[in-house]
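Scroll down for the structure; my scribbles are underneath it.
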Amino acid sequence: MDIKFTHRLSYKQARLTVLVGFILGTLLSLLQIGIDYASVDASINREIRSLLEISHNPASRIAYNIDAELAQELTLGLLRSPAVISAQLTDNHNTTLASVKRPGMESGYRLISDFLFGAERQFEDRLYLDHMPDESLGTLQLEVDTYAFGSRFLRRAEVTLLNGFVRSVILTGILLALFYVMLTKPLVRVIRALSSSDPRSSDLGRLDFPQGHEHDEIGVLVKVANQQFENMATEIQQRRNAENRLTDYLGQLENIVSARTAELKAINNRLSLSNDELEIARSTALDMAEARSVFLANMSHEIRTPLNGLLGMIALSLDSPMNAEQQQQLSIAHDSGKVLVELLNDILDLSKFDAGQLELEHIPFDLGVLVEDTANLLSQNAAPSVELACLIDPQFPTLVLGDPTRVRQIVSNLLSNALKFTRFGRVDVRLSTHDDGVRIEVCDTGIGIAQDAQVKIFQPFTQAGAGITRQFGGTGLGLALTYNLCEAMQGRLTISSEAGFGSRFCADLPLPCHTPAATPVPLRGSVIAITTASSGLAELLNSLLPGWGLDYQQRSIDDSLIGLTPDLLITDCPECLFGIRPTLQAPILLVTAYGSFMPTEQANALAPLQQQARPLARNALYQTLRRALQPETTTINDAQLETLSPQRRARILLVEDNPVNQLVAKGMLSKLGCVVTVAAHGAESLDQLERSSFDLVLMDCNMPVMDGYEASRQIRRSGRWPDLPIVALTANAMPEERERCRAAGMSDYLAKPFRREELAALLDLWVPVTTAL
Ligand code: ADP
């Protein structure tokens with residue numbers, strides 16, 4: 001490492017020291033010169049005055065004697081003094097006795113000397129004798145050239161300054177050498193040693209102490225540097241060791257990673273293989289599911305068609321006269337057939353869930369009436385000691401939006417279970433609004449379900465206990481289907497039950513309100529109900545009658561009616577009527593269990609008496625109350641409707657190739673008061689349409705010659721019967737089938753086998769004005 005001379009520490013130290021020494025020396029020299037100057041300046045006057053004092057007496061005598069010769073000698077003698085350049089002696093008359101002069105000295109420094117001391121100085125001495133001091137004898141005048149003194153002073157000053165400068169130079173040299181030897185040289189050695197050692201080497205070595213510097217600052221510096229070297233060497237060694245370990249680990253890691261990569265590759269290969277296999281299995285499963293649903297659809301078609309015929313024919317036979325035994329046998333056959341159809345429907349529905357094919361409608365329907373109808377239909381299944389009631393919140397909307405068919409299935413499944421598993425007590429269907437939807441609750445006082453069974457009860461083919469099938473029958477499909485239906489509607493089915501105490505199933509369905517509850521025309525009158533306070537009838541009447549404007553009271557069977565004069569008495573206790581009737585004139589409404597109407601003679605004895613089977617429907621009850629309490633307001637239309645309702649005289653074209661199905665449908669339609677014309681296939685139906693006019697066409701889909709789709713297309717294409725309703729009859733219950741029928745131009749769809757009520761509902765919908773025929 002080479003350091004420039006002017007950058008060296010010794011140079012800088014020397015320069016600083018010398019600078020300070022030089023300035024101080026110069027200042028001291030200047031002070032010395034100043035002092036010298038003051039003394040020279042004073043000595044000029046002092047010397048000339050002493051010269052004048054020496055010359056005073058001789059000069060006074062010369063002036064007294066007026067001796068020009070001596071005066072001349074004296075002035076010449078004065079002129080010999082180096083400073084005096086002019087001397088003049090004059091007498092008291094101012095006559096010059098002697099005057100001598102000589103030129104002043106010339107030199108380069110004269111200017112400085114003249115500046116410091118002035119160029120010349122005049123001195124005058126009045127001459128007198130000591131005994132006559134007041135008598136002036138003349139004057140001795142001297143002119144002094146100060147340069148004689150100034151030149152000496154300047155020489156001395158020059159020497160002083162030069163001396164100081166030379167001293168500074170010598171001091172600089174000496175200090176430079178000293179600092180170099182003492183400071184720079186050892187430092188440079190240390191620096192050289194430092195820069196020559198390799199900082200990456202673990203062995204940084206030790207710096208030697210410069211000789212004579214073991215204990216001074218340089219020694220300490222070397223010591224500290226050595227200490228740091230040691231620390232660094234230790235650290236470097238530790239790092240090396242750590243690096244070596246890291247490299248080892250990295251090597252191991254690489255080995256592990258490559259092993260894992262190989263393993264993963266192998267797993268990946270296996271995975272992609274099994275993925276392929278899974279994909280194949282999936283598509284096989286999908287194919288199988290599709291095949292299964294197609295098979296089910298076809299099977300349902302194949303099974304339903306003969307079943308339809310079977311049930312239809314049995315239903316027709318049941319209407320014809322026969323003895324009681326035959327009647328019972330046929331009823332059993334009919335019921336079994338119906339169970340078979342329901343089972344078939346359940347299996348089909350479940351398979352639709354599996355295939356994800358369930359499609360839900362979103363149409364307005366009267367859920368209250370639907371519940372009442374369903375309860376009414378199922379009421380025949382209720383045990384004699386079971387009271388079935390529909391308790392619908394009076395504020396429940398008239399119409400809600402949803403799929404009526406599926407909601408009916410939910411109600412029907414829950415209710416038929418409740419009725420099946422309840423021997424005594426009550427079965428209630430409650431309907432209310434809940435959050436943004438509806439709540440359907442089915443409560444019973446039946447056998448209940450044990451806690452552990454409740455967990456799995458919603459799984460297909462599951463029953464609460466081993467003896468259930470033996471005792472009650474069933475397949476364990478109903479609840480699974482109901483649960484799936486609720487889920488499909490974004491709803492929820494919950495259960496709370498206690499074995500031996502009954503069950504409560506609650507379906508919360510998000511069916512939005514379409515039309516809010518209508519307020520019925522208020523009725524007038526007082527009504528008394530004789531029933532137990534805990535009965536469903538009491539609860540129903542209590543919730544409805546005050547809202548209809550009636551004065552309503554409930555009495556127990558044992559309560560006395562003396563003093564009470566109701567406009568109407570409602571009771572579910574036929575026995576108590578015989579005691580009451582003699583004292584009570586008011587009409588009676590007797591609510592009975594299904595099939596337990598009072599024999600006509602007894603009823604006549606209690607007249608005026610009207611009987612209605614449980615469960616009471618709101619509308620039927622309202623109409624009965626209206627007729628009983630305000631007979632004058634009963635319009636002719638009601639009466640007409642009642643008489644006309646079974647006389648539906650619509651003209652129906654039935655297009656069906658299967659003779660059994662023809663017979664069944666024709667029988668049902670005739671019973672509903674329709675005039676039926678039969679066509680065996682599509683082409684024949686077109687001929688029939690040409691010949692006569694019809695209110696509705698019931699069109700089978702699969703027929704020889706021309707199928708129902710083609711026939712419908714041709715009817716629509718002709719444009720001659722644009723408003724004629726065509727209802728498809730098909731046993732293929734899958735949604736695509738419904739779509740296919742619509743695409744062919746058909747207006748509606750009726751799945752085979754259909755019940756008489758379904759057919760009637762369909763006629764209500766499509767031929768509403770047929771009574772006007
Ligand atoms: P199924 O009634 O055909 O057996 P479900 O799926 O409808 O099939 O019912 C499954 C089981 O749940 C029934 O077998 C019965 O054990 C039990 N269960 C359903 N509803 C009730 C109820 N209301 N009371 C008691 N047990 C019931």
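Counting starts at 1 for both ligands and their atoms, following the listed order.
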Region of Ile457 engaging ligand 1 - heavy atom pairs below 4.0 Å: side chain

Close approach, Phe505 and ligand 1, non-hydrogen under 4.0 angstrom: yes

Ala418: numbered ligand 1 atoms lying under 4.0 Å from its heavy atoms: 23 (N)

Asn658 side chain near Met703 side chain, heavy-atom distance below 4.5 Å: no

Region of Asp444 that comes within reach of ligand 1 [heavy atoms, distance under 4.0 Å]: side chain

Verdict with supporting geometry, Leu493 and Ile410, side-chain contact (heavy atoms from CB on, under 4.5 Å): CA-CA 10 Å; Leu493 179 66; Ile410 292 172; 5.6 Å; no

Sub-4.5 Å side-chain heavy-atom contact between Val386 and Asp444: no

Any pair counted as salt bridge (charged side-chain N to carboxylate O under 4.0 Å, His left out), so long as it reaches residues 373-394, sequence neighbours left out: none

Numbered atoms and elements of ligand 1 in range of Gly478, under 4.0 angstrom, heavy atoms: 5 (P), 6 (O), 7 (O), 8 (O)

Phe505 side chain reached by Ile449 side chain, heavy atoms, under 4.5 Å: yes

Within-cut-off N or O pair, Ile447 and ligand 1, under 3.5 Å: no

Atom indices of ligand 1, in the order listed, that fall short of 4.0 Å to a heavy atom of Leu477: 6 (O), 8 (O)

Distance-only donor-acceptor check, side chains Gln610 and Thr624, under 3.5 Å: no

Residue Lys420 vicinity, atoms of ligand 1 by number, heavy atom under 4.0 Å: 1 (P), 2 (O), 3 (O)

